[in-house]
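Here's the structure, in structure tokens; my notes come after.
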Amino acid sequence: MDYDLNTNPFDLHFSGKLPKREPSDSGSEDVMRKWFVKDETCMLQEELTRVNSENKKLTETLARVSEKYSELQNLFKELQSRENVNFCNERKRKQDRDEFVSSPIGISCGGTVEKSTVSTAYFHAEKSDTSLTVKDGYQWRKYGQKITRDNPSPRAYFRCSFSPSCLVKKKVQRSAEDPSFVVATYEGTHNHPGPNASVSRTVKLDLVQGGLEPVEEKKGRGTIQDVLVQQMASSLTKDPKFTAALAAAISGRFIEQSRT
Amino acid sequence: PPTNALVEELNRVSAENKKLSEMLTLMYNNYNILKKQLV
């Protein structure tokens with residue numbers, strides 16, 4: 001849009017254009033004066049017409065520019081509000097994604113009470129299973145997935161199905177050390193009924209309070225001691241000496257009982 | 001005399017013209033600023 005703004009609201013040299021009054025000493029002074037007045041009036045009239053026409057043109061141009069400016073302003077406002085909405089959505093998504101990433105496991109962010117309750121659970125999972133779903137008794141909604149540098153397996157992010165009333169979140173990723181396990185890291189505490197009894201065997205470690213020391217057992221799940229006992233039993237049954245000793249002890253017990 | 005009336009009218013219209021020119025310049029500048037922001 002180009003407008004010529006070099007308007008000439010009032011010709012400053014206009015007075016110079018008016019006919020000069022020559023001094024007259026003749027008898028026809030009145031006629032001459034009338035002629036001058038008439039001429040001056042004509043020129044004034046012409047100038048007035050010119051300025052009026054310029055005035056009209058300026059008014060029209062101003063109206064057009066105002067209209068264009070309003071259109072542009074509306075467009076600007078629309079784009080700005082759209083950008084704000086996009087920015088808010090993106091920030092929310094990023095916040096959701098980074099909540100776990102930005103706060104290393106076991107270190108409290110100190111932001112909220114919920115963040116202080118970070119816990120980790122290990123679930124046995126087939127290597128072929130890439131779903132990253134673990135049976136921990138709660139219903140979850142997946143909201144993101146990413147691959148981290150330290151672990152080639154994707155990391156999935158879940159939100160409790162009771163969200164937003166329940167703010168618990170978890171991330172699930174196959175263990176980098178032992179791929180037969182998936183590691184679920186929980187953040188927050190559920191504010192609704194607990195998990196069902198029929199859940200898989202897990203070991204929960206409180207990483208906030210006691211580092212790697214096992215401290216808590218979830219309802220219906222084995223403790224770390226249970227796992228150790230199982231492992232010991234498994235290794236002992238493979239040991240023929242132990243089996244023989246056990247058999248001897250049992251048979252000795254039977255003999256003792258039959259005597260009494 | 002009609003000449004004086006004409007001069008008066010001419011002055012009035014010229015003042016209005018000047019005001020319009022200023023407004024137009026202002027509006028045009030604002031329009032260009034907004035356009036630059038959008039680009």
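Everything numeric in this text was worked out from a predicted model, so none of it was measured. To find a chain, count down the sequence lines: A is the first, B the second, and so on, and within it residues start at 1.
The environment of CD in A:Gln139 is sparse: at most 12 heavy-atom neighbours from other residues, nucleotides or ligands sit within 6.0 Å. Atom CD of A:Glu67 sits in a sparse spot, with 12 or fewer heavy atoms from other residues, nucleotides or ligands closer than 6.0 Å.
Distance check, rounded to the nearest 0.5 Å: CG of A:Asn55 to CD of B:Glu16 gives 4.5 Å. A distance of 9.0 Å separates CE of B:Met23 from OG1 of A:Thr59, quoted to the nearest 0.5 Å. Going from atom CG of B:Leu10 over to atom CZ of A:Arg50 covers 8.5 Å, rounded to the nearest 0.5 Å. Note that CD of A:Glu46 and CG of B:Leu6 are 11.5 Å apart. Values are rounded to the nearest 0.5 Å. Atom CG of residue A:Leu58 and atom NZ of residue B:Lys19 lie 13.0 Å apart, to the nearest 0.5 angstrom. Rounding to the nearest 0.5 Å gives a distance of 14.0 Å between CG of B:Asn17 and NZ of A:Lys56.
Within the structure, every pair that satisfies the side chain to side chain donor-acceptor pair (under 3.5 Å) test and touches residues 70-79 of chain A, not counting sequence neighbours, is listed here: A:Glu78-A:Arg82.
With a 4.5 angstrom heavy-atom cutoff, A:Leu72 touches chain B via backbone and side-chain atoms both.
A:Gln145 is linked by a side chain to side chain contact (heavy atoms under 4.5 Å, CB included) to A:Lys142, A:Pro154, A:Ala156, counting only residues two or more places apart in sequence or in another chain.
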